[in-house]
Asks: 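Sending over a structure as structure tokens; questions will come in a sec.
One is the number of the first residue; the rest follow in order along the sequence. For ligands, and for the atoms within them, numbers begin at 1 and follow the listed sequence.
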Amino acid sequence: MDSFLIKGSVPLHGEVAISGAKNAVLPIMAATLLTAEPCVIRRVPNLSDVKFMGQILTWLGAHVRFEGDSVHIQARKIKGAGDYDLIRKMRGSICVMGPLLGRLKKAAVSLPGGCVIGARPINLHLKGFAALGAKVMIENGYVHASAKRLVGSAMFLGGRAGSTVLGTANVMMAATLAEGVTVIESAACEPEVVDLANFLIAMGAQISGAGSPTLTITGVKELHGAEHEVIPDRIEAATYAIAAVATNGEITLRGARADHLRAVLDKLKDAGAGIERRGADITIRRNGRLKPVDITTLPYSGFPTDVQAQMMALMTLTPGISIITERIFESRFMHVSEMTRLGADIEIEGPSAIVKGGKPLSGAPVMASDLRASAALVIAGLAARGTTQVNRVYHIDRGYENIDGKLRQLGARIERIEES
Ligand code: EPZ
């Protein structure tokens, strides 16, 4: 398993091109199952999760061809059920279920199971499918959904932590080919859901209210092929913005969407960052002393849970006490124990982490656990004195395109150690 060797305390300077959003491209690739016609998706990031989704679609019978930063997909004939454990390896692929149900009126996938950040249930996905008239049952670790006809209806998809991103995506996709009107209350408002809705509309779907908590889909007979450019990855952009402040450097994000980053940029300003916007470019630097901030993760447009760990890395460097409360997932503090190995002072109190920051971090070997926790450890290593080795970086390769190459371009002393 590869690891990164990072020599810290080097301010990062320069510009970084933001790749297409992982969490938009995965459901958009799944959505191509809704038509037998060819689709082209552009600005596709070169990530292991994306390649994996390509394998799943191929397994289902689609023709998938990656070409540079585009992917050509045609699902002429597909199978809707079957024994593939691929879902287990990548949770995000649960979003093939909605399109399979929409197109074939049947779907069977292995239950995704939990991961390090939480149980990751899919009860709300299944509630939405049932509301469309599907019969849902769980048997031998597989979830089956089938329907003679899918009929639109009104449903509430909010759960204990608010809206569900992939649950909204899944039900919206199935509803595009249902008979009649579907109204999803407490729909997720994330930009990635809006991007998926825009792709579905380009395919001929009738959708209104994307980006608002009330999503209305009027079913159509069939969808046709479409082309689409994926939105930039706001979580990748946030990660580099935080790295600029943490290393006391200056980074310009090329092709980012500031309107998708309002909560993050607002918090970074409170934490002592200087931010300048010029069109699709955003330049971030430290602006005087770092200041402690309190953060609570919320559904969009609140502070994103996927940026919680990276912000914690910055707060370990910030003199004072910062309180970080995780309201979306039940155990998304795996990075805390690794950060304390770098000398951070963090105490967990229920859903909150109390960060007593300001002492310089000192490099040490640390273990990556989930995608964003790993990125946070890289940020901490870039700011720490001495050398940090981040192990199991396959977690990072799932969601960050060429992160070591992009960081080296910014002056970071980071090298990838390939373990045979
Ligand atoms: C998406 O996951 C993202 N993944 C996650 O990003 C992100 O953290 C999450 O949304 C929240 O923004 C992709 O888009 C591929 P949820 P998703 O359903 O859709 C509970 C990353 O690092 N819930 O919005 O699976 C759930 O347990 C990844 O890129 C139910 O209770 O998340 C959680 O507490 C990590 N029942 C909360 O809702 C359900 O049926 C939000 O989960 C579904 C979810």
Side-chain angles (χ1 to χ4, degrees), residues 19-31 45 47-50 52-53 56 87 89-98 111-131 136 138 143 145 155-173 184 186-196 230-231 233-239 260 263-264 297-310 326-332 334-335 351 368-376 395-401:
S19 306
K22 166 180 87 83
N23 291 350
V25 75
L26 293 177
I28 286 172
M29 286 174 72
L47 301 170
S48 51
D49 270 12
V50 169
F52 212 77
M53 179 58 90
I56 290 175
I87 300 267
K89 293 191 193 114
M90 183 185 73
R91 245 203 73 72
S93 45
I94 187 70
C95 59
V96 301
M97 205 164 176
L111 276 169
C115 66
V116 286
I117 63 177
R120 312 297 296 273
I122 57 166
N123 60 306
L124 297 171
H125 300 233
L126 305 183
K127 175 181 178 184
F129 294 152
V136 173
I138 290 178
V143 53
M155 63 186 77
F156 180 80
L157 279 194
R160 56 169 188 76
S163 47
T164 162
V165 172
L166 288 183
T168 302
N170 246 338
V171 177
M172 172 168 65
M173 288 189 278
I184 302 176
S186 190
C189 304
E190 274 69 4
E192 294 76 24
V193 173
V194 176
D195 206 30
L196 170 63
V230 174
I231 54 170
D233 193 318
R234 62 193 169 100
I235 309 300
E236 181 195 27
T239 304
H260 292 165
V264 172
T297 63
L298 291 166
Y300 194 86
S301 57
F303 192 91
T305 175
D306 292 347
V307 183
Q308 178 256 105
Q310 299 92 309
E326 173 58 56
R327 288 279 181 230
I328 303 296
F329 290 108
E330 57 270 34
S331 61
R332 199 169 199 175
M334 298 291 286
H335 40 285
S369 56
D370 86 271
L371 170 54
R372 308 301 175 186
S374 320
H395 288 293
I396 298 188
D397 293 334
R398 286 188 45 214
Y400 287 91
E401 186 175 46

Asks: Could I get the full list of salt bridge (Lys or Arg N to Asp or Glu O under 4.0 Å) partners for E192, not counting sequence neighbours?
Replies: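 Checked E192 against salt bridge (Lys or Arg N to Asp or Glu O under 4.0 Å); matches are R234.
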Asks: Please name all residues satisfying side chain to side chain contact (heavy atoms under 4.5 Å, CB included) with H395, sequence neighbours left out, ordered by chain then number.
Replies: A368, S374, R392
Asks: Going by side chain to side chain contact (heavy atoms under 4.5 Å, CB included), name the residues that satisfy it together with A187, two or more places apart in sequence or in a different chain.
Replies: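 With sequence neighbours excluded, A187 shows a side chain to side chain contact (heavy atoms under 4.5 Å, CB included) to T168, I184, L215, given in chain and number order.
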Asks: Give the residues near ligand 1 by chain and number, with the criterion being a heavy-atom distance under 4.0 Å.
Replies: K22, N23, R91, I117, R120, P121, I122, N123, L124, H125, R160, A161, S163, T164, V165, L166, T305, D306, I328, F329, R332, L371, R372
Asks: Would you call D370-R398 a salt bridge at under 4.0 Å N-O?
Replies: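 Between R398 and D370 there is no salt bridge, as every charged N stays at least 4.0 Å from the carboxylate O atoms.
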Asks: Supply the atom-to-atom distance L26 CG to L196 CG, rounded to the nearest 0.5 angstrom.
Replies: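 It comes to 11.0 Å.
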Asks: Can you tell me which residue among R372, E236, K22 is in a side chain to side chain donor-acceptor pair (under 3.5 Å) with Y400?
Replies: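 Answer after filtering R372, E236, K22: R372.
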